[in-house]
Trainee: 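Below are the structure tokens for one structure; questions will follow.
Reminder, nothing fancy here: chain letters follow the sequence lines and each chain counts from 1.
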Amino acid sequence: MKFFFVYKSLAHPELAGDYVQPFTLDERRAHARQAAKQLGATVPWIVDAMDNRLKHALGDRPNSEFVIDPKGVIVRKRAWSNPAQVRKDLEELVGKVDKVTREEDIKLALAPPVKAAAERGAVPRLKRPRMQAIEMEPVIEPKGLPFYAKLRAEADPEALRTGTGKLYLGFHIDPFHGAHWNNLTPPLKYKLDLPAGAKCSAATAEAAKVKPASDADPREFVLDVENWPTDKPVRLTVTYSACTETACHAVKQEYVLHLRRDRDGGGARGAGAGFWDPDEFAKQMLARDRDGDGKLDRKEVMGLVLPHFEKFDTNGDGVLDAKELRAVSDWLNTHHKPGAPAPVPKK
Amino acid sequence: MRTLALFAVAALFACAPAAPAQPEKKKNEDDFPREKPAVGDKLTDVTVYTPDGKEVKTAELRGHYTVLTFGCLT
């Protein structure tokens, strides 16, 4: 019996740790090594290729789970990992074990996320509701500097559909390179080379000056674009100065942007806070209340909540009510932080 | 068995708290069992990597029962 985690593209960039999508396989492998540290588990990781071939081949879900038999045949699959169900699967397939180890028996050596090289919070974040990642290719020079700051490009549904709408450009410091902005030099500046006929409210722009000498906040822009043909890529050039512990670098890098949704880009959750409002969360969850009783039974629950249903059902009545669902959001808001407790066991 | 238990706990932390109630994801999740690859299909043979850079062919996973769980840092 073998177990593997498969490291894939980030489901939620900018969440805990302010991680951003890696651009290279080396960077993705560094993510996987960090994931192993943060989880503190002994289950090995394998790393999907940068074209996300294994994710695509197995249904493109963020946390899906498969059991493969010794001949390489898929014998179980589910959209969301469910450890309790995996145990049942394996008992059916290979038999029961004498002693079942419980989750609470295990102490995982959780490590903290990679620390940013400078403070965050000096620059207000921009809101970008309803925006979705669009495909873009960093122009990687074999001997070039790392992408200390990585572009996140998003478009709203109108822009994706018609070529006219909102475009988000966010340049996010990648914590894995140990760099920060150098605010003693001119701020980050970008330039878009638009196709003929296309217009943009800011084809070139410079980020606002930031008071502290260094920081690690993203440099963000929301633009209006007009008549961007969906089949014409846009070239973006960015210049900025970033410092590591050992040196400061004047960086000039390029990207090619495509006006089509990047289905591997993940959802950055609006401003990237990754925070669920408890009332809104409960309301959204209750949208699955098919029998209209104002509560969710197991059949009406899905996703990450399902494996922990009993623990969230604190009054033990077999359903999750609005109060219990609000408590779920509290847990979701913190469970990515290393050391955060699992759901409180039912008393 | 210890490995299984560790796996179970780790999976709890590995997955992103992806919007359990967003309409598009709900539909997709319900559809998942009916989508390809189906139970009974062979695992696609592709090359992936270990965190330290070695190539791994998924075909090499044969010979054991194998549990694959997708995850990421966030």
Trainee: Tell me, out of A:V75, A:V67, A:L58, who's got the most heavy-atom pairs with chain B below 4.5 Å.
Mentor: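 Most pairs with chain B among the choices: A:L58.
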Trainee: With the side chain counted from C-beta on, respond yes when A:W45 and A:L39 share a heavy-atom pair under 4.5 Å apart, and no when they do not.
Mentor: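 Sidechains of A:L39 and A:W45: in contact.
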Trainee: If we define contacts as heavy-atom pairs under 4.5 Å, which of B:L61, B:T47, B:D52 has the most with chain A?
Mentor: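 Ranked by contacts with chain A, first place is B:T47.
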Trainee: Could you go step by step and tell me if A:H31 and A:Y19 meet the side chain to side chain donor-acceptor pair (under 3.5 Å) rule?
Mentor: CA-CA 9 Å; A:H31 275 226; A:Y19 297 122; over 6 Å; no
Trainee: Could you tell me which non-hydrogen atom of A:A79 sits nearest to which non-hydrogen atom of B:F32, and how far apart they are?
Mentor: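 Answer, listing the atom of A:A79 first, then B:F32: N-CD2, 3.2 Å.
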Trainee: Quick one: what part of A:L25 sits under 4.5 Å from any heavy atom of chain B, side chain, backbone, both or neither?
Mentor: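 Just its side chain gets close to chain B.
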Trainee: Who wins among A:A35, A:A32, A:S64 for the most heavy-atom pairs under 4.5 Å with chain B?
Mentor: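 The candidate making the most pairs under 4.5 Å is A:S64.
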Trainee: A:R28 versus chain B, heavy atoms under 4.5 Å apart: side chain, backbone, both or neither?
Mentor: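 No part of A:R28 comes within 4.5 Å of chain B.
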Trainee: Evaluate side-chain contact (heavy atoms from CB on, under 4.5 Å) for B:E60 paired with B:E55, printing each intermediate quantity in order.
Mentor: CA-CA 11 Å; B:E60 294 167 11; B:E55 288 190 358; over 6 Å; no
Trainee: Tell me, for B:A38 versus chain A, whether the close heavy atoms (under 4.5 Å) come from the side chain, the backbone, both or neither.
Mentor: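 B:A38 touches chain A through backbone heavy atoms alone.
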Trainee: Let me see the working for B:L68 and B:L43 under side-chain contact (heavy atoms from CB on, under 4.5 Å), right down to the final yes or no.
Mentor: CA-CA 11 Å; B:L68 297 177; B:L43 176 65; 4.3 Å; yes
Trainee: Any salt bridge (charged side-chain N to carboxylate O under 4.0 Å, His left out) involving residues 41-55 of chain A? Give me the pairs, sequence neighbours left out, ordered by first then second residue.
Mentor: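 Qualifying pairs: A:D51-A:R53, A:K55-A:D60, A:K55-A:D264.
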Trainee: Please flag which part of A:F66 lies under 4.5 Å from any non-hydrogen atom of chain B: side chain, backbone, both or neither.
Mentor: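 It is both, since atoms from each part get that close.
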